[in-house]
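First comes the structure, then the notes that go with it.
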Amino acid sequence: MKLVEHEAKNVVKEFGIAVPAGFLISSADEIPSHLDALGERIVLKAQVDVGGRGKAGGIMMANPQNAVSLAQELFNKTIKGLPVHEILIEQRLEIQHEYYLSITVDRSSKQPLILFSDDGGVEIEVTAKEHPEAIRKGVANPLMRDLPPFMIRELIGSAPKDVGPVINKLYHAFCDKDALLAEINPLVITPQGVYAADAKFIVDDNALGRQGVTVNRDLSEREREAETHGFSYVELGGSIGVIGNGAGLTMATLDLIEFYGGKAANFLDVGGGAESERVMRAVRLVASVPSVKVIVVNLLGGITKCDEVAKGIIDAGIHQKVIVRLAGTNEAAGRKMLSEKGYEMLDTMDLVVKKAVQVTA
Amino acid sequence: MIYGDKKTGILVQGATGKQGEFHIGLMNAYAQQAGGRGVVAGVTPGKGGREVHGVPVYNTVREAMRDHDISASVIFVPAAAAADAIMEEAHAGIRTIVAITEHIPVHDAMKAIAYAKMEGCRVIGPNCPGLLSPGEVKMGIMPSGLFSRGNVGVISRSGTLTYEVVDELTRAGIGQSTVVGIGGDPVIGQTFVDVLEQFEKDPQTKAVILIGEVGGNLEEEGAKSTSLPIVSYIAGISAPPDKRMGHAGAIVEGGEGDARSKIARLKKAGVPVAARVSEIPEMVRGLFRSC
């Protein structure tokens, strides 16, 4: 789950990294009470989760005289299609230099990867293309609490020494908050010290429970409902509903839809060993999306029993057409139940998908 | 075959849970058919002294190791305790650990895998279906009825998609040496590179099928690392960016790891990539014809 800027800044602050004085507001009327703490130079930052927020008009420079009117203007804007519900109003820093710092999970080395760049304030992908020599990398041993000093020296290069402790503090935040990404960009040098001018965090969805997060905001309402039943569910916007077991097989079914020129509406992975009631819920959930005209069920039974699946499909009693491919445990019983009720069954995933694409074409 | 054979003594952690109990039964039924040792001991803290399908259960891995000759294990314990289970086994001297458990936090996985490596042991998974060498040994949850013995190795990030591929292969008369599910998480122990290294040393394996997904670039690294003939399939060509497609690892992050660029890189490295699963058997036959 992604944290928004003000949440991410609260995290880095908690770990001892300085952030600009700032306040989260949901109305321009709140500004006057904060002006004393902010000084003469102010910045207004829309709390919307989009890349290139500044260029899209989501960041405005202000002063105590025009802050209220500019905030009103910003609240009335949409930034890349998103409405502005909250603004972070902050003291503007006196920037001497901007660096880039991030920590991610490196799949290849299976360890945390730290990136530090002399060119801050720009996206790391841009730096990687234009000035790859400005980026330095370090791979951390996940069994050590602290980054070894040599690694910090290697990372910061000729940057001021004060930057070193910030890297270790961000590493602690990355570990303790179960982050998949912890990023400070830019990390700013000012006459008053080193500040995190912007921060980004993504928390591991598998660790939300122990991080005390009860609602994953990145999910739509239907996706959340699916999650409470233990389903993986993704909405895609087409007209063919897809139910499978196992992420890989379900994804392969979606790809096959694209291969035959169709468009999937959604994707539901019922997981292993689904019983009839779970299958019924899954079918109803997928059918509840108005754009779904036909549903493809592609299940390969190992621990999933085909007769349970058949019962679930029949019990769901939905109005859309359901095309079924069932293989594996208790296959014959499942097929018999479905054919008695007049459901269409085909032998391979290629055939069911082809048929579904024809129906929606 | 790789990672074990008939002589491998297997330990199961989480032996008394619903999953553990069910799969000890299936693994030992397979071992009986193949004439192998199968699961020789189980571990569940606090449940020592019980038996599951005739297999003795111990409180700790060390106790089980004292009474039995064990070289591999399969883990079914819940996500919150799984990293600890991996470390306990690595410390006790088990060399090959198969972690079936899903939803392990990535930071736990990084620690457990680093610890296991330090102890000189290999972790397959987490979030994987384990492995099966037809006629030899089954360590995990793969439905054995679909498999047939032969000389094609299979490495996959997914479960049911692997079964689909194996089913297609078997129907086409192409047998398998070992089928390894390496897991669908962003951080896994044995990657394509590691498993391919094992297949290189295996005289039975003449060709390998790589079944990948969106996310990361482990498939490309694997393809570049081996001299074995390879056929590949990548799931997720229709996956939108930043959407987690069921597996925590199956996500296109900031434009990295999308299926199209992955497929392009594999093809550039000379690896044939199937557009559909059903094309795989014919492509494998093509490999055998050309070599």
Side-chain angles (χ1 to χ4, degrees), chain A residues 51 104-108 110-112 123-125 141-143 174-175 178-181 202 204-207 209-210 218 232-237 244-252 254-259 263-264 267 269 271-273 298-304 327-329 348-350, chain B residues 22 79-80 103-111 113-115 117-118 129 141-143 145-146 156-164 167 184-189 191 211 213-218 221 233 235-240 243-250 254-255 259 275-278:
Chain A
T104 52
V105 173
D106 180 37
R107 293 170 185 242
S108 284
K110 307 156 199 176
Q111 290 172 306
E123 284 179 40
I124 193 71
E125 292 83 3
N141 182 335
L143 297 174
F174 174 77
C175 295
D178 276 301
L180 301 178
L181 167 74
I202 299 174
D204 182 358
D205 287 351
N206 283 336
R210 72 181 181 196
D218 288 357
S232 295
Y233 177 81
V234 175
E235 297 195 340
L236 300 157
N245 60 339
L249 184 65
T250 317
M251 247 190 291
L254 296 179
D255 294 348
L256 212 48
I257 290 174
E258 194 173 286
F259 181 88
K263 187 107 180 52
F267 155 120
D269 170 8
N298 181 20
L299 291 165
L300 191 65
I303 41 176
T304 308
T329 315
T348 68
M349 58 191 272
D350 284 60
Chain B
F22 181 69
H103 300 305
I104 300 180
V106 171
H107 281 263
D108 290 5
M110 284 195 288
K111 285 196 184 95
I113 288 165
Y115 186 93
K117 189 178 168 194
M118 203 175 70
I141 62 171
M142 292 187 182
L146 306 172
S156 171
R157 275 169 68 183
S158 121
T160 43
L161 181 57
T162 316
Y163 315 153
E164 179 80 31
D167 189 36
D185 282 356
V187 171
I188 48 175
T191 62
I211 305 165
E213 283 177 0
V214 288
N217 59 1
L218 296 175
E221 284 181 8
Y233 173 80
I237 202 156
S238 54
K243 271 283 176 195
R244 180 167 130 172
M245 302 300 279
H247 281 159
R276 290 174 294 163
V277 171
S278 53

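Every chain is numbered from 1, with letters handed out A, B, ... down the list of sequences.
Note on A:A179, A:G209, A:A264, A:A207: by heavy-atom pairs under 4.5 Å with chain B, the leading option is A:A179. Interface remark: of the candidates A:A247, A:G244, A:S232, A:A247 forms the most heavy-atom pairs closer than 4.5 Å to chain B. When B:G159, B:G145, B:G189 are compared by the number of non-hydrogen pairs under 4.5 Å with chain A, B:G189 comes out ahead. Ranked by heavy-atom pairs under 4.5 Å with chain B, the first of A:L256, A:D218, A:L236, A:D205 is A:D205.
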Determine, step by step, whether A:M251 and B:I237 satisfy the side-chain contact (heavy atoms from CB on, under 4.5 Å) criterion, reporting the C-alpha distance in whole Å, the side-chain angles of both residues, the deciding distance to 0.1 Å, and the verdict.
CA-CA 8 Å; A:M251 247 190 291; B:I237 202 156; over 6 Å; no
Decide yes or no on side-chain contact (heavy atoms from CB on, under 4.5 Å) for A:R210 and B:D108, but give the supporting numbers first.
CA-CA 12 Å; A:R210 72 181 181 196; B:D108 290 5; 2.9 Å; yes
side-chain contact (heavy atoms from CB on, under 4.5 Å) between B:N217 and A:S108, worked out
CA-CA 8 Å; B:N217 59 1; A:S108 284; 3.8 Å; yes
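Between A:Q111 and B:I113, every side-chain heavy-atom pair lies at or beyond the 4.5 Å cut-off.
Taking CG from A:L300 and OG1 from B:T160, the interatomic distance works out to 6.5 Å, rounded to the nearest 0.5 Å.
With a 4.5 angstrom heavy-atom cutoff, B:E164 touches chain A via backbone and side-chain atoms both. Interface remark: B:M142 contributes no atoms to any contact with chain A (heavy atom separation under 4.5 Å). With a 4.5 Å cut-off on non-hydrogen atoms, A:E258 touches chain B through its side chain but not through its backbone. Neither the backbone nor the side chain of A:Y233 comes within contact range of chain B; no heavy atom of the residue lies under 4.5 Å from a heavy atom of that chain. Heavy-atom distances place the backbone of B:I188, and not its side chain, under 4.5 Å from chain A.
Between B:A235 and A:A252, the closest heavy-atom pair is CB-N, 4.3 Å. The shortest heavy-atom contact between B:L161 and A:L249 is CB-N, 3.6 Å. Heavy-atom minimum distance, A:D350 versus B:R276: OD2-NH1, 2.9 Å. Nearest heavy atom pair, residue B:M110 against residue A:K110, reads CG-O, 3.5 Å. Of all non-hydrogen atoms in B:K111 and A:L143, the two that sit nearest each other are O-CD2, 3.5 Å. The minimum heavy-atom distance between B:V106 and A:L180, with the atom names listed, is CG2-CD2, 3.8 Å.
Side-chain N or O atoms of A:D204 include none that pairs as donor or acceptor with a backbone N or O of B:P105 at under 3.5 Å.
Looking only at atom types and distance, the side chain of B:S238 has a donor-acceptor partner in the side chain of A:D255 under 3.5 Å away. In this model, no donor atom of one side chain and acceptor atom of the other lie less than 3.5 Å apart for B:H107 and A:D178.
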